[in-house]
Amino acid sequence: MATTPLDRTRVARTALKLLNETGLDGLSLRAIAKELDVKAPALYWHFKDKQALLDEMATEMLRRMNDELAAEAVPDADWPTAFAAAMRGLRRHLLMYRDGAKVYSGTRFTDMSYAAPMEAHLRMLTAGGFTPGGAARAWLTGYSYTIGYVIEEQSMGPDPAKEEGGYDLEARAQRLAAYPLASAAGDEMFRDYDAGFEKGLAAVVAGIGATMLDTRHA
């Protein structure tokens with residue numbers, strides 16, 4: 001049996017490791033307990049259910065993200081540059097884990113790890129001319145775009161564990177042969193996810209600047 005003390009962080013780290021092997025649907029408390037060499041009921045001392053575990057996993061992802069992104073921060077960057085860099089960093093970290101965006105989305109962080117980076121991001125936006133409310137809405141807009149994009153990217157792209165699969169665009173085109181615009185859209189929507197993310201991010205940043213920036217103080 002395990003001799004290293006069992007705690008929430010250790011369980012979450014083990015779960016993140018298994019996530020890359022099993023995906024979210026295959027992740028279970030039983031599988032995590034087996035990996036930790038403990039009985040499954042031992043995990044219920046720390047997590048009442050799988051959602052509680054997902055909350056801790058997302059928090060551990062955030063902790064790791066904060067450490068790296070803090071080291072990469074560019075001081076005194078204008079808000080569009082800093083904002084876009086933060087969204088790229090979020091996407092990069094979500095992609096480190098199979099189904100990472102699904103794990104991260106809709107969870108409740110279990111500690112205050114989110115507070116300092118959120119404060120810094122909002123301060124960056126208010127310094128760039130946003131009202132506090134506008135900064136909050138701008139941040140949520142970019143955050144939601146990024147997480148949503150990665151959920152689709154990870155759902156439609158190849159299985160990272162097997163490096164196979166993904167959307168069959170030829171079959172899609174055949175099904176949509178009577179709808180030429182919809183058929184042709186597949187190449188734009190489901191190829192080169194990096195380029196697609198950048199195009200969408202540019203549109204989000206431009207839209208935020210056009211609709212949420214307080215031009216009286218910009």
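Just so it is clear, the values below take in all heavy atoms, side chains as well, and ignore hydrogens, waters and symmetry mates.
- Nearest heavy-atom pair, Val204 versus Gly142, reported as atom, atom and distance to 0.1 Å: CG1-CA, 4.2 Å.
- Using the six-membered ring where Trp is involved, Tyr114 and Phe109 have ring planes that are parallel, under 30° apart on the 30 and 60° scheme.
- By the 4.5 Å heavy-atom criterion applied to side chains, Leu169 and Met189 are not counted as neighbours.
- At least one side-chain heavy atom of Leu43 sits under 4.5 Å from a side-chain heavy atom of Leu6.
- Met212 places a side-chain heavy atom less than 4.5 Å from the side chain of Thr141.
- What you find for Ala185 and Arg172 is that their closest heavy atoms are C-NH1, 4.4 Å.
- In the hydrophobic clustering of this structure, Leu53 does not group with Trp45; members are Ile, Leu, Val, Met, Phe, Trp, Tyr whose side-chain heavy atoms approach within less than 4.5 Å, directly or through other members.
- Using a cut-off of 4.0 Å between Lys/Arg side-chain N and Asp/Glu carboxylate O, Glu60 and Arg64 are scored as salt-bridged.
- The hydrophobic cluster containing Tyr193 also contains Leu90, counting ILVMFWY residues as joined when their side-chain heavy atoms lie under 4.5 angstrom apart, directly or transitively.
- Note on residues 21-44: no pairs pass ring pair (Phe, Tyr, Trp, His ring centres under 6.0 Å), not counting sequence neighbours.
- Between Glu56 and Arg10, none of the side-chain N atoms (NZ, or NE/NH1/NH2) sits under 4.0 Å from a carboxylate O, so this pair counts as no salt bridge.
- Of all non-hydrogen atoms in Lys50 and Leu24, the two that sit nearest each other are NZ-O, 3.1 Å.
- A distance of 12.0 Å separates OG of Ser105 from CG of Asp99, quoted to the nearest 0.5 Å.
- Note that CD1 of Ile32 is 12.0 Å distant from NZ of Lys17, once rounded to the nearest 0.5 Å.
- Side-chain contact check for Leu27 versus Val103: every heavy-atom pair is 4.5 Å or farther apart.
- Remark: Thr146 OG1 to Leu94 CG distance equals 8.0 Å, nearest 0.5 Å.
- Taken to the nearest 0.5 Å, the CZ atom of Arg98 stands 6.5 Å off from the OG1 atom of Thr22.
- Using cut-offs of 30° and 60° for the angle between ring planes, the Trp79 and Phe83 rings count as perpendicular.
- With sequence neighbours excluded, the residues satisfying side chain to side chain donor-acceptor pair (under 3.5 Å) with Asp187 are Arg191.
- Taking CG of Asp192 as the start and NZ of Lys199 as the end, the distance is 7.5 Å to the nearest 0.5 Å.
- Between atom OG1 of residue Thr14 and atom CD of residue Glu35 there is a gap of 6.5 Å, rounded to the nearest 0.5 Å.
- Side-chain atoms of Ser113 and Asp111 include a donor-acceptor pair closer than 3.5 Å.
- The shortest distance between side-chain heavy atoms of Ile208 and Leu213 does not fall below 4.5 Å.
- A 6.0 Å sphere centred on CZ of Arg30 holds no more than 12 heavy atoms belonging to other residues, nucleotides or ligands.
- Looking at Leu95 and Glu153, their side chains come closer than 4.5 Å, going by heavy atoms from C-beta outward.
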* To do: Give the intermediate values and the outcome of side-chain contact (heavy atoms from CB on, under 4.5 Å) for residues Val11 and Met57.
  => CA-CA 9 Å; Val11 174; Met57 291 169 65; over 6 Å; no
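- What you find for Arg63 and Thr9 is that their closest heavy atoms are NH1-OG1, 4.3 Å.
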Contacts table for residues 119-127: side-chain donor-acceptor under 3.5 angstrom, sequence neighbours left out:
from, atom 1, to, atom 2, distance (Å)
Thr126, OG1, Leu122, O, 3.1
Thr126, OG1, Arg123, O, 3.0

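- For Arg8 against Ala52, the heavy-atom pair with the smallest separation is NH2-O, 4.4 Å.
- Between Arg88 and Glu198 there is a salt bridge, since a side-chain N of the basic residue sits under 4.0 Å from a carboxylate O of the acidic one.
- The closest donor-acceptor contact from the side chain of Thr59 to the backbone of Asp55 lies under 3.5 Å.
- Cluster annotation: Leu176 and Leu181 are assigned to distinct hydrophobic clusters (Ile/Leu/Val/Met/Phe/Trp/Tyr, side-chain heavy-atom contacts under 4.5 Å, transitive).
- Side-chain contact between Tyr104 and Met61 is present, with heavy atoms from C-beta onward closer than 4.5 Å.
- In terms of heavy-atom proximity, Tyr145 sits nearest to Gly196 at OH-O, 3.8 Å.
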